[in-house]
Amino acid sequence: MMEFSFQDKERLKFGDFESDLPAEEVERLRKILTETVPERVEFPWCVEESVTSDYSEAECSGLEFGFGVREILDKVLTDKQIKPPETIRPSWAGLFQGGSAPIEGHPTVSSDDTDLQFMGQMLLKASRTVEEPSKLRPRGLINRGNWCFLNAPLQALLSCPSFTRLLSYLPSSPPLRPSSTPALDCFGQLIAEFQPTSRQEQSPSEPFEPVIVHELLRKVQPSLIAQGRQQDAEEFLSLLLNQLHEEMVRATQAAGSLVNGEQLNEDTNDPSREWEQVVKKGRGQVTRAADASQSPIADIFRGNTHSITKVPGTHETAVVEPFFTLPIDIRSDGVSSVGEALHALFGKETVHGVGNSRLDAVRRTSLHTLPQVLILHLKRFVYDGSGIQKLMRKLAFEQELEISKDILSSACRQQSNVSQRKYRLQAVVTHHGEKASGGHYNTDLFHNRDGRWLRCDDGLTKNVRLPEVLRSEDERATPYLLFYVRTETPSEA
């Protein structure tokens, strides 16, 4: 019996193994089909010849349209009780290095490693591919408990076409064995629950309960799944993006390849990493950078801030820090709009008692890198000594947002033109209620296919007008997360 792996099925599913594998590996995959599937079934876009199977025509009918290859082969493996091999030859690590067998003197790559490597290959393929992103048909998310903190940011994420295009490259069936990428597995299955929209069919699909996301939380953050308790939508969103990023970094590192031209197996986790550079007038500046490993998800959502701290008699110290959600302080009475809040966030401030000398320092913070999708976190929940309270103040925001050059770092100003600083509102996650410990979340999102706005309130989805999105008449409804998409990005237009 030919050896068969999860990666083999994925390559058959995508139907493009002939273009990027050695001839002997293509032949091995063809033999897998003929030896594991014994009655006739057509695989029109995966292989040229026909193979046989003892399953009914109805079970295999999806293959005529290029769908269901993996599902049929999964059924074959299960029914025939074929177990995945303990070692896989040829080594996928060897294939990625241009060979067809494990490197002499190195152990054979384990099954878990090969799954991770293949996941990395799919992510790398997605990052290199330039195509029109898929636009999903709207679908409500059923809430059978206090899951609105999860449903609302999920709908906002899934409204971003570049994100859904990335997800479309992930495996859409559960892994056959324990996986080291639970979030990637989860989102590959989640995106399969949504159908691409079309001009003929734009109405929402039937709502469903995203149980696979609940199961993911049980694995990575059990404290967020306590029944009967409201949770913070931003906390869940940050957890999700960081988890996806970490898994993508591991997967692409396992593939031993590049993302956007940067080597990923470089050690970027050393917090002491720093360098000195010369700035204006010959002054030295020590710059420290937090871990900023590249990943496809970071290419979409991650930006960077740049802070320069000057203590009298010392070098300036600059720190570059990444963010997925940009926290915006809205407590100041002088702040009445998102634009004013951004200006208040970036600027100069006095920091008291810095270092061993305990001297006062001046800190200047700016935006250093602008992401494709800018997520603004309006900090409504604050601790006042007696507990966490919600700030109910209204903050004006518009459909179009232009980032002022005044709040950019010098490097960002030089690299960014006007069009790269312009954003369009994509989604708004709103919190309803006056208490931080309760309330309800829903999401207004822009549907790119036909230019309409939709309100997603758990399982309910309805049309809504833009003025209602920007200016809610409900005094208890306060915007909490604002998703802005850079308008220059062609795939998001």
Side-chain angles (χ1 to χ4, degrees), residues 160 234 237-238 241 277 279-281 283 285-290 292 298-311 316-351 354 360-380 382 391 393-428 470 479-489 492:
C160 301
E234 192 280 331
L237 176 63
S238 292
L241 292 175
Q277 63 188 64
V279 294
K280 293 180 180 179
K281 300 180 181 178
R283 292 181 288 112
Q285 182 183 90
V286 177
T287 301
R288 298 184 177 90
D299 290 342
I300 299 172
F301 293 103
R302 190 176 68 193
N304 290 288
T305 61
H306 184 259
S307 299
I308 299 176
T309 303
K310 174 62 177 176
V311 178
E316 288 183 344
T317 300
V319 178
V320 177
E321 293 184 299
F323 64 86
F324 280 120
T325 64
L326 184 62
I328 306 295
D329 191 342
I330 62 172
R331 288 175 294 180
S332 173
D333 291 335
V335 170
S336 61
S337 69
V338 167
E340 292 175 354
L342 281 171
H343 273 275
L345 177 65
F346 296 105
K348 291 184 179 181
E349 62 177 327
T350 300
V351 183
V354 174
D360 289 350
V362 176
R363 178 181 297 156
R364 186 170 66 255
T365 305
S366 56
L367 268 173
H368 192 56
T369 307
L370 297 174
Q372 288 184 38
V373 180
L374 176 63
I375 305 175
L376 303 181
H377 168 211
L378 308 184
K379 297 176 65 176
R380 294 199 171 276
V382 296
L391 299 177
R393 65 180 306 163
K394 294 289 186 178
L395 201 67
F397 62 98
E398 302 298 334
Q399 184 178 21
E400 307 294 334
L401 173 67
E402 182 176 336
I403 304 298
S404 171
K405 287 173 41 176
D406 297 338
I407 65 174
L408 301 181
S409 68
S410 58
C412 189
R413 283 197 299 270
Q414 294 171 8
Q415 298 171 5
S416 304
N417 56 41
V418 174
S419 61
Q420 292 172 320
R421 295 188 279 111
K422 290 184 177 180
Y423 287 80
R424 184 197 67 240
L425 188 65
Q426 181 67 35
V428 180
L470 300 177
Y480 186 48
L481 297 169
L482 305 178
F483 286 64
Y484 279 94
V485 174
R486 194 163 59 196
T487 56
E488 188 204 46
T489 308
E492 298 286 2

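Interatomic distance, Leu367 CG to Leu326 CG, rounded to the nearest 0.5 Å: 6.0 Å. Residue Asn417 holds its CG atom at 10.5 Å from NZ of Lys405, rounded to the nearest 0.5 Å. Note that CZ of Phe346 and OG of Ser307 are 8.5 Å apart. Values are rounded to the nearest 0.5 Å. Between Leu376 atom CG and Glu234 atom CD the span is 11.5 Å, to the nearest 0.5 Å. Here the straight-line distance linking atom CZ of Phe397 with atom CG of Leu470 works out to 5.5 Å at 0.5 Å rounding. If you take OG on Ser366 and CD1 on Ile308, they are separated by 6.5 Å, rounding to the nearest 0.5 Å.
Between Asp360 and Val351 there is no side-chain heavy-atom pair separated by less than 4.5 Å. Using a 4.5 Å heavy-atom threshold, the side chains of Pro371 and Tyr423 count as touching. In this structure the side chain of Glu400 reaches within 4.5 angstrom of the side chain of Arg424, judged on heavy atoms. Side-chain contact between Lys379 and Ile328: absent, with no pair of heavy atoms (C-beta onward) separated by less than 4.5 Å. Residues Leu482 and Val338 have side chains in contact (heavy-atom distance under 4.5 Å, counting atoms from C-beta outward). A heavy-atom distance below 4.5 Å is not found between the side chains of Val362 and Thr309. When side chains are defined from C-beta on, Leu378 does not count as touching Leu481, because their heavy atoms never get closer than 4.5 Å. Looking at Thr305 and Val320, their side chains never come closer than 4.5 Å, going by heavy atoms from C-beta outward.
Ring-plane geometry between His306 and His368 is classed as parallel, the angle between the planes falling under 30 degrees on a 0 to 90 degree scale with a further cut at 60.
In this structure, Lys394 places its NZ atom where more than 12 heavy-atom neighbours from other residues, nucleotides or ligands lie under 6.0 Å away. Taking a 6.0 Å sphere around CZ of Arg393, one finds it holds more than 12 heavy atoms contributed by other residues, nucleotides or ligands.
Counting only distance, with no hydrogens or angles, the side chain of Gln372 and the backbone of Asp299 share a donor-acceptor pair below 3.5 Å. A donor-acceptor contact shorter than 3.5 Å links the side chain of Arg380 to the backbone of Pro479.
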Just do the side-chain hydrogen bond (donor to acceptor under 3.5 Å, both in side chains) check on Gln414 and Ser410 with the steps written out, would you? CA-CA 6 Å; Gln414 294 171 8; Ser410 58; 5.1 Å; no
Might you work through the salt bridge (Lys or Arg N to Asp or Glu O under 4.0 Å) test for Glu402 and Arg421, ending with a clear yes or no? CA-CA 6 Å; Glu402 182 176 336; Arg421 295 188 279 111; 3.5 Å; yes
Does the pair Ile403 and Tyr484 meet the rule for a side-chain contact (heavy atoms from CB on, under 4.5 Å), with working shown? CA-CA 11 Å; Ile403 304 298; Tyr484 279 94; over 6 Å; no
Take Leu425 and Glu398 through the test side-chain contact (heavy atoms from CB on, under 4.5 Å) and record every step on the way to the result. CA-CA 8 Å; Leu425 188 65; Glu398 302 298 334; over 6 Å; no
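Heavy-atom minimum distance, Tyr480 versus His377: OH-NE2, 3.1 Å. Across every non-hydrogen atom of Pro322 and Asn304, the tightest pair is CA-OD1, 3.2 Å. Residues Asp329 and Ala341 approach most closely at O-CB, 4.2 Å, considering heavy atoms. Across all non-hydrogen atoms, the minimal contact from Glu340 to Gly334 is OE1-O, 3.3 Å. Closest approach of Gln420 to Leu370, counting heavy atoms only: O-CD1, 3.9 Å. Nearest approach of Phe483 to Leu237, heavy atoms of both residues: CZ-CD2, 3.8 Å.
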